[in-house]
Amino acid sequence: MTKIKTSFNRRSFLKVSAAAGGGMAIGFSWLVSCTPQSQEDVLANTITPPDEWFKINGFLKIGDNGVTTIMSPNPEIGQNVKTAMPMIVAEELDIDWANVIVEQAPLNTQAFRRQIAGGSQSIRQSWEGLRMAGATAKAMLVSAAAQQMEVPAEELSVSKGKITHEASGKSLGYGEVASLAASMEVPEEVELKNPKDFTIIGTPTKNVDGLDIVTGKPLFGLDVDREGMLLAMIEHPPAFGMKAKSFNEAEIKAMPGVKDAFIVSSDPGEGNRGWTYANNAFPQLVTIVGETTWQLMKAKKALKVEWETFGTLESTADHEISLEKTLGLPIEEPDRKDGDPNAAFASAAQVIERTYQAPFLAHNTMEPMNFFAHVMEDKAELEGPIQTPEPLREAASKLLGLPAENIHVMMTRMGGGFGRRLYGNFGMEAAAISQRMKAPIKLIYTREDDMTQGTYRPDYKVTYRAGLDENNQLVAFEVKGVGTDGGPIFADRFPAGAVDNYHAENRTKESSISTGAWRAPRSNFIAGAEQAFLDEVAEAAGKDPIEFRLELFDRAQNNPVGEDNDYDAARYAGVLKLVKEKANWGTETPGIYRGVAAYYCHNSYVAQVVDVAIENDVPKVKKVWCAVDCGIVVNPEGAINQIEGGIIDGIGHAMYSGLTFNEGRPEQSNFDKYRLIRHTEAPEAIEAFFVDNGINPTGLGEPSLPPVIGALANALANATGKRYYKQPFVQEMEVLG
Amino acid sequence: MAVFNLNINGKQQQFDVDPDTPLLWVLRDHAKLVGTKYGCGIGQCGACTVHVNGGAMRSCSLPVSAAADKKITTIEGLGEKGLHAVQKAWLEHDVAQCGYCQAGQIMNAAALLDRNPNPKDEEIAAAMDGNICRCGTYIRIKAAVKTAAENL
């Protein structure tokens, strides 16, 4: 057993306990009202509701019948933390998972830390805190039971919410001691389980919202409905670099169902409308408020807006030129330099140089941006799909002139995030509209609004050079990359550390197009480029692509170059060896063309083999083999689903997707022109394998996406005899027309 | 504005709306049935799929005037007695990630199995091709449709 000090969360527990007043908590009543049907259904279907709840700490409350509610602190965007995070609490609490109800917590900075969905960090950064929350509550319940049974706490054992005193044969359920436990002192130290004793962690567990999802319950931001709520829609400038001057206000106001129309500003003064300064292209929006969605959509169509141009109206052709030009600038101060790359290239027996490119991408969450806001005189309620609730509250506080503590932020389940909902401009817009209307409103973006005013994945271009000596050893490596608002290269990642002479250099180009984090930022481009390049270098060296990479990992592990290498070469090699074994790499299957890749990002290691066949003259991904090292796998069911999703997402965007511009206007505004991967194009099978090493868990929302682009490119090269350098690959494929 | 009689999930209801109002918004705004989702508004993503007289239709592109007096089934009414076999299969395979598109996927799958009780893999993919899942749950959807076919 590990004893661990609880100081990490003690302060917040104490605060919460005190606020609950005497330990009994009916709390969260306003929260329950958000999803009444959902709660009642769960209770009616599976669990008998208790008569009374007792709040033990910020994470959980226990009913008098032992039913336990665990709060899931972080925003749920489909990465399944709403199941996984409470599983960790339940594990240390030692309760039967069948007796657990999960509720989404609101933003509560006193009770929870880092309520963010981003960087695949929810599990990794909350692992210790979640375990402690469960273990602390368990200790308080055991203390209460000891007091009630009049026996020493050390003589008690716990299993599935039942506390037993073996010597006397007495036992008490958590529900029977919850009232007393809530008033117990928070222990200074608690014991955490030995991972080998885990019974919930590591067990495939279904999505806690599964039933509500398949029966169509109101779960999402767009489903929020309140008494007296008005609807609002916006019209943003058609081009980046434009703003609204005036519009046919009188005509719009006279339309059926329209309550008001105006130009609203959601800029709190510093340009920061939430998490960062990104997505500040359109702080002023033409707004129409009304009663029904269709009436607003018709009014939106009737808008005649006079736009004025204040910036450069960029086209994709301009972006091509600026990428090329920036990449061609003379070498500047590198992000990292080892050895003497120039000399090494000069004396290399063979130099390979390749350039890779990828377009802007929209996030295209299936649920378009939306938010509910009810701004009152002295307080405000904001509810909707947001990956960064705390920065939204801070920015809203400035915008509305209200203290942050008077702004209540609730996260709904989100119809996808992928990074778009890190930038809460839509929440700010809803708040500004509600304040002006003095009414509760729900802002709704159309698909076109959503796709054409994004915080896009930047366009990228990168050039690699590799030098091989006469023994086909990699002796020099150079990478120069450029992207809008920042280059794509992680200078300290592989193959840094594995090559004596190394040069990495990031360059930035400016653009009026707003960009931001898109699932696995930068990695979503650079992994594919790097892994496709290494495939060509292995080919030039006459080596098997897996053996070539393993040689480099071996070098990085046993005799690393430099000290700042941002990866563990042994774990990197571990996933590559695992996928090699599982996919039977090296065996030939007629009609199947293979590609391999490995990548490390977001603290997890992934290696993949992609099997492609040519069917009816079109490449078809038959199967993806995926080995993952993310440490302890909290929920294998959800983990495999994330891996599958990341792979399909990566293949889809690399093959088919891209956003282009014409004089500042996005040329794709809906799914008729913006191509997303569909059922017939998805891989037929994906098989995932985990490295079992007991290391503390790391994230899985992103890591399976980046490498698959490289593995796909390599498989396509083998299948078609042509290398693919520019995404989306479909444009380079003659067979696809 | 005009009054339309709609039979939604076996219940006769009247709505006073513009004749060109898409069925999607009558369901969501007026009938308060929000299980049917808005995704694109142009019949490209399938999130808004409902059954009209038993067939899968894109409710975002179907004016209420064309749905009047027809039998409309939404995700809320799919399982007449408890869960439909497709919904059960979705739970068994833990299909959903974000979950937003799944009502449309389920409605489309249920309509597919109605007309083709034992679809082959490629028939499933072809029939489901109009339903986008941005999270990429396509493999699980295919497995769930096959399970549902076995259990129907």
Side-chain angles (χ1 to χ4, degrees), chain A residues 76-80 204 206-207 209-220 222-223 225 231 256 292-295 297-298 364-368 413-418 444 446-448 637-638 641-642 644-649 652 670-672 676-680 682-686, chain B residues 1 17-18 20-22 24-26 28-30 32-42 44-45 47 74-76 78-79 83 86-88 90-92 94-103 106 121-122 124-142:
Chain A
E76 173 61 59
I77 58 176
Q79 84 282 44
N80 213 6
K206 307 277 190 230
N207 188 329
D209 280 341
L211 183 63
D212 288 351
I213 288 168
V214 303
T215 52
K217 294 293 188 295
L219 289 169
F220 301 93
L222 270 182
D223 304 339
D225 191 17
L231 300 178
T292 71
T293 312
W294 185 242
Q295 286 171 322
M297 284 180 163
K298 284 168 93 169
N364 288 330
T365 60
M366 288 310 291
E367 179 195 19
R413 189 179 182 85
M414 287 169 239
F418 312 108
I444 302 170
T446 63
R447 172 56 57 195
E448 289 81 4
E637 184 86 59
N641 207 342
Q642 287 307 301
E644 291 170 356
I647 287 171
I648 292 173
D649 199 4
N670 209 322
F671 298 129
D672 52 344
L676 288 175
I677 190 168
R678 290 175 181 270
H679 278 270
T680 47
E684 288 176 10
I686 294 171
Chain B
M1 304 281 263
V17 293
D18 284 347
D20 62 351
T21 308
L24 170 67
W25 297 115
V26 177
R28 289 187 59 87
D29 284 356
H30 301 271
K32 303 289 180 190
L33 292 169
V34 295
T36 305
K37 299 304 186 201
Y38 167 70
C40 69
I42 58 167
Q44 284 287 323
C45 79
T74 70
I75 188 71
E76 290 92 341
L78 180 64
L83 294 177
V86 173
Q87 290 168 311
K88 284 184 193 163
W90 244 249
L91 291 177
E92 187 184 327
D94 205 34
V95 170
Q97 285 187 33
C98 85
Y100 191 79
C101 74
Q102 299 297 349
I106 289 168
D121 279 18
E122 52 272 26
I124 295 172
M128 300 296 293
D129 220 33
N131 288 71
I132 296 173
C133 173
R134 175 69 182 79
C135 299
T137 63
Y138 294 131
I139 289 175
R140 283 171 190 249
I141 288 173
K142 187 173 65 181

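So that the names make sense, note that chain A is the first sequence line, chain B the second, and so on, each numbered from 1.
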Among the listed options B:Cys101, B:Ala96, B:Ala103, the residue most often paired with chain A at heavy-atom distances under 4.5 Å: B:Ala96

Atom pair CZ (B:Arg140) and CG (B:Asp94), whose distance is rounded to the nearest 0.5 Å: 6.0 Å

Distance, nearest 0.5 Å, that separates CD of A:Gln295 from CH2 of B:Trp25: 13.0 Å

Separation between CZ of A:Phe671 and CG of A:Asn364, rounded to the nearest 0.5 Å: 4.5 Å

Best-contacting candidate, B:Leu24, B:Val95, B:Asp18, B:Thr21, against chain A by heavy atom pairs under 4.5 angstrom: B:Thr21

Region of A:Phe220 that comes under 4.5 Å of a non-hydrogen atom in chain B: side chain

Atom group of B:Glu122 that falls short of 4.5 Å from chain A, counting heavy atoms: neither

B:Asp121, part contacting chain A, at a heavy-atom distance under 4.5 Å: neither

A:Lys206 side chain reached by B:Leu91 side chain, heavy atoms, under 4.5 Å: no

Segment of A:Ile647 engaging chain B (4.5 angstrom heavy-atom cut-off): neither

Portion of B:Ile132 that has a non-hydrogen atom of chain A nearer than 4.5 angstrom: both

Partner chain B: residue of A:Leu231, A:Ile444, A:Asp649, A:Leu676 with the largest heavy-atom pair count (under 4.5 Å): A:Asp649

Option that, when pairs with chain B are counted at under 4.5 Å, heavy atom only, ranks first among A:Thr292, A:Asp672, A:Leu222, A:Ile677: A:Asp672

Salt-bridge contact B:Lys32-B:Glu76 (side-chain N to carboxylate O under 4.0 Å): no

Side chain, backbone, both or neither of B:Ile141 within contact of chain A (heavy atoms, under 4.5 Å): side chain

From A:Glu644 atom CD to B:Tyr138 atom OH, the distance as rounded to the nearest 0.5 Å: 13.5 Å

Test item: A:Asn641 and A:Asn207 side chains (from C-beta on) under 4.5 Å apart, heavy atoms: no

All side-chain contact (heavy atoms from CB on, under 4.5 Å) counterparts of B:Val34, not counting sequence neighbours: A:Pro218, A:Asp223, B:Arg28

Top of A:Arg413, A:Met414, A:Glu76 for chain B proximity - count of heavy-atom pairs under 4.5 angstrom: A:Arg413

Option that, when pairs with chain A are counted at under 4.5 Å, heavy atom only, ranks first among B:Cys40, B:Cys133, B:Cys98, B:Ala127: B:Cys98

Between CD1 on residue B:Ile106 and CD1 on residue B:Ile75, distance to nearest 0.5 Å: 4.5 Å

Contact winner vs chain B - A:Glu448, A:Gln79, A:Glu684, heavy-atom pairs under 4.5 Å: A:Glu684

